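Since we're looking at a predicted model, the values are computed, not measured. Order of the sequence lines sets the chain letters (A, B, ...), proteins ahead of strands, with each chain counted from 1.
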There are 2 protein chains.
Amino acid sequence: MANIREIAGLAGVSVSTVSRVLNNHPYVRDEKRQAVHQAMERLDYHRNLPAIHLSKGTTNLLGVVLPSIEIPYFGNIVEGIAEEGLKHDLQLVLIQTNYNVEKELEALELLRGSLIDGLIFTSRAASLKIIKEYNPHGPIILCEDSDQTDLPSVSIPHEKAFMDGLDYLLTKGHTKIACTLGRKQGTNSHKRIKAYQTIMDKINQPVREQWIFDKCLTIEDGIHLTENWCRMTERPTAFLVTNDQVAAGMVLTAKEKGIHMPEELAILSFDNQQIAKAMHISTIDIPIKQMGKKAVQFIQNTEKRSKVSLPFQLIERATV
Amino acid sequence: MANIREIAGLAGVSVSTVSRVLNNHPYVRDEKRQAVHQAMERLDYHRNLPAIHLSKGTTNLLGVVLPSIEIPYFGNIVEGIAEEGLKHDLQLVLIQTNYNVEKELEALELLRGSLIDGLIFTSRAASLKIIKEYNPHGPIILCEDSDQTDLPSVSIPHEKAFMDGLDYLLTKGHTKIACTLGRKQGTNSHKRIKAYQTIMDKINQPVREQWIFDKCLTIEDGIHLTENWCRMTERPTAFLVTNDQVAAGMVLTAKEKGIHMPEELAILSFDNQQIAKAMHISTIDIPIKQMGKKAVQFIQNTEKRSKVSLPFQLIERATV
DNA sequence: TTGTACGCGTTATCAC
DNA sequence: GTGATAACGCGTACAA
């Protein structure tokens, strides 16, 4: 692989001149520029990225931490990140964690090691304290409804959204309401639980721990949930669930079992993916892709990083 | 940021010794090793990745080209790649292309620029000729049913699988069979079309161009397809479709319209995702994740790279 | 077992 | 406009 020095030699100029034409600097006589181009052509020259990265101290690489790429919610965020990243000429380094703190630390080490210029957490398991320690090495953005402001964050107001969802179920006559979460320990889930407790208090209903279902993320989970529901002695009449996938699983199974929806069992979910529309599932729309885009914008704008809350919207369909 | 030289100075050793403890080389006296560790601790030393990459000429970074992360098929491949990559300490650089050749070229340039050690195409739009030109710069793996063997490839035998699917529909009494493709220009789609022509010839049916539906990938596409089907003057009685998403959209809409399945309309799809099981969609299982894993193994094994065909399996359910 | 010196390929500074 | 030359931070022959 030819390097910049060989080009300089062949073109009869200095390495600095070669570097100049490489980076489209002005102040290079046209003849020399031509000569350099010819030399590059002849030797099939192409720049070495790690060398540039070392020299410049930046890489145009953006790290993205996500638990699993197969959960549409995260896939959508990444899509948004990719789309916006494209505009800023950023490549994406994906770190799949399965909520493993060790893996998240690896991602943070990539930041400290200057391999990536910034890092976006679509979700996290590591503590804020630890993550903040890495902030000096580059911008870190959280995709969660965070209370702190040291680290910029992008999210919908989850507590408000969950309360709105519950209120909607209330107006439809439900008081026995259960809910599902993706991961109880998550920040967003905490907000949702809080909202749940608030509303249950308001309507003088006990907070039944067994009505808060953890680790519900997929269609399969939804299927099991409805099966579960059938076997329960005291049954909720409505569910506010993690996402459209869980709702889809629930609805499909409910229909098979001849459960009347929404009379016997009402379901409201989050996200508003294609599947929700196709199955007429009532859901709360989240601008997921937009979150990813905003996160990248935060990476780019050194100045006004902050906590941003995006709007959500309740979509009334047939399952409530 | 402290560098290796400062550590050497503080620890009272040479840079090579520091490098040795950094890389767990033998032949370092314990006292010196301790001293180095202490110095690293005190200065909060951490290695600079681009520098290592430049010096070693490799990065442990693996490029992954994919059209869209939102299509479950590609997400699954990436999942497999990530899982296997983990074992080999590989990080993933994602290049989302939307089948844009320009973007694929960018990915190839990353390979030439030594930013990534290898590249996996989950799908491609660029010509084999162009891609092959980049092979000298690092291993390139294709996730497609390729006829050539210069570039290693991982896939199921698409032609065989499609023929098996069509045969299955035949045994169920269907002769008027339509099919859908993700992208007509794709290698896998070519195989599928070929199989389609072969079988149609065999049963003396014309190959109706309007019964080969292109650009069908999502649930929405499936919905439109069934709506379309209703408006057709001459209707096929069976569809062999791109993937489970398209099938799901078709089935949902068919049920709503009171279309009798599988009598009036039979649907067989590919992939066997969760949604297919949940909706009892007959489908042809593809070991997608396994493909990703195998691709990574090809990247690692310098020697026996080749063309590998993974097994598929027809899953009988309720839509045929 | 340890240290010196050079190479990796590029950018940036400064003098001309 | 142009060219030396010093960084950038690390790995590694080679010598000792």
Side-chain angles (χ1 to χ4, degrees), chain A residues 1-37 39-40 43-61 89 109-117 137-138, chain B residues 1-37 39-40 43-61 89 109-117 137-138:
Chain A
M1 292 275 299
N3 63 24
I4 203 173
R5 245 181 311 275
E6 297 181 43
I7 303 298
L10 185 58
V13 300
S14 72
V15 288
S16 348
T17 298
V18 178
S19 178
R20 285 192 190 98
V21 328
L22 237 25
N23 297 287
N24 288 317
H25 281 220
Y27 306 130
V28 179
R29 197 175 301 159
D30 250 1
E31 318 153 28
K32 301 226 174 193
R33 192 182 296 275
Q34 301 292 338
V36 169
H37 277 135
M40 296 199 305
L43 298 184
D44 190 35
Y45 170 80
H46 290 274
R47 10 155 65 112
N48 179 292
L49 272 347
I52 295 175
H53 296 166
L54 170 60
S55 186
K56 299 180 87 143
T58 63
T59 61
N60 273 25
L61 253 33
D89 199 31
E109 287 302 333
L110 294 185
L111 186 62
R112 170 141 65 186
S114 298
L115 183 71
I116 54 181
D117 293 341
H137 302 100
Chain B
M1 291 275 301
N3 63 25
I4 203 174
R5 247 182 311 276
E6 297 181 43
I7 303 298
L10 185 58
V13 300
S14 72
V15 287
S16 16
T17 299
V18 176
S19 177
R20 286 190 191 99
V21 328
L22 237 27
N23 297 287
N24 289 317
H25 280 217
Y27 306 130
V28 179
R29 197 174 299 160
D30 250 0
E31 318 154 28
K32 301 226 174 195
R33 192 183 296 276
Q34 301 292 338
V36 169
H37 277 134
M40 296 198 306
L43 298 184
D44 190 35
Y45 170 80
H46 289 274
R47 11 154 64 110
N48 178 291
L49 273 346
I52 294 175
H53 297 166
L54 170 59
S55 186
K56 299 181 83 146
T58 63
T59 61
N60 273 25
L61 253 33
D89 199 30
E109 286 302 333
L110 294 185
L111 186 63
R112 170 141 65 186
S114 298
L115 184 70
I116 53 182
D117 292 341
H137 302 100

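Minimum heavy-atom separation, A:Ile7 to A:Leu43: CD1-CD1, 3.8 Å. A pairwise comparison of heavy atoms in A:Ala51 and A:Asn48 identifies N-OD1, 2.9 Å as the closest pair.
Side-chain proximity of B:Leu22 to the nucleotides C:dT10, D:dG11, C:dG3 is greatest for D:dG11. Across D:dG11, C:dT2, D:dG1, the shortest atom-to-atom separation from the side chain of A:Arg29 is found for D:dG1. The side chain of B:Ile4 lies closest to D:dC10, out of D:dC10, C:dG3, D:dA4.
In this structure, A:Thr17 reaches the D:dG3 phosphate: one of its side-chain N or O atoms is under 4.0 Å from OP1 or OP2. Between B:Ser19 and the phosphate of D:dG11, there is a side-chain N or O to OP1/OP2 separation shorter than 4.0 Å. Considering only side-chain N and O atoms, B:Asn23 lies under 4.0 angstrom from the phosphate OP1 or OP2 of D:dG11.
A:Arg112 meets the salt bridge (charged side-chain N to carboxylate O under 4.0 Å, His left out) test with A:Glu109, B:Asp44; sequence neighbours excluded. For B:Asp89, there are no salt bridge (charged side-chain N to carboxylate O under 4.0 Å, His left out) partners, not counting sequence neighbours.
Looking only at side-chain heavy atoms (C-beta outward), B:Met40 and B:Leu10 stay at 4.5 Å or farther from each other. In this structure, the side chains of B:Leu115 and A:Thr59 stay at 4.5 Å or more apart for every pair of heavy atoms. Proximity of A:Tyr45 to A:Val36: side-chain heavy atoms (C-beta onward) are nowhere separated by under 4.5 Å. Counting heavy atoms from C-beta on, the side chains of B:Asn60 and B:His53 never come closer than 4.5 Å. The side-chain heavy atoms of A:Met1 and B:His137, taken from C-beta on, include a pair separated by under 4.5 Å. Here the side chains of B:Asn23 and B:Ser19 are in contact, with some heavy-atom distance below 4.5 Å.
Atom pair A:Tyr27:OH and C:dC14:P shows a separation of 17 Å (rounding to whole Å applied). Atom CD1 of A:Ile7 is separated from atom P of C:dT10 by 9 Å (rounded to the nearest Å). Distance A:Glu6 CD to C:dT10 P: 10 Å, rounded to the nearest Å. Rounded to whole Å, the distance from CZ on A:Arg5 to P on C:dT11 is 12 Å. If you measure from atom NZ of B:Lys32 to atom C1' of C:dT1, you get 8 Å, rounded to the nearest angstrom.
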Q: Decide yes or no on side chain to side chain contact (heavy atoms under 4.5 Å, CB included) for A:Ser14 and A:Val18, but give the supporting numbers first.
A: CA-CA 7 Å; A:Ser14 72; A:Val18 178; over 6 Å; no
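Helix-axis bend for the helix from C:dT1-D:dA16 to C:dC16-D:dG1: the local axis fitted to the five terminal pairs at one end deviates from that at the other end by 40°, rounded to 10°.
Near DNA chain C, meaning a heavy atom under 4.0 Å from it, residues 43-59 of chain B has B:Leu54, B:Ser55 in order of number.
Every pair tested for salt bridge (charged side-chain N to carboxylate O under 4.0 Å, His left out) that includes a residue from residues 5-19 of chain B fails, sequence neighbours excluded, so the list is empty.
Nucleic acid contact class of B:Val13 (heavy atoms, under 4.0 Å, all strands): sugar-phosphate only. When heavy atoms are screened at a 4.0 angstrom cut-off, A:Val15 is found touching base atoms of the nucleic acid.
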Can you name the atoms? Protein N/O to nucleotides 13-16 of chain D N/O, anything below 3.5 Å, with the distance.
none

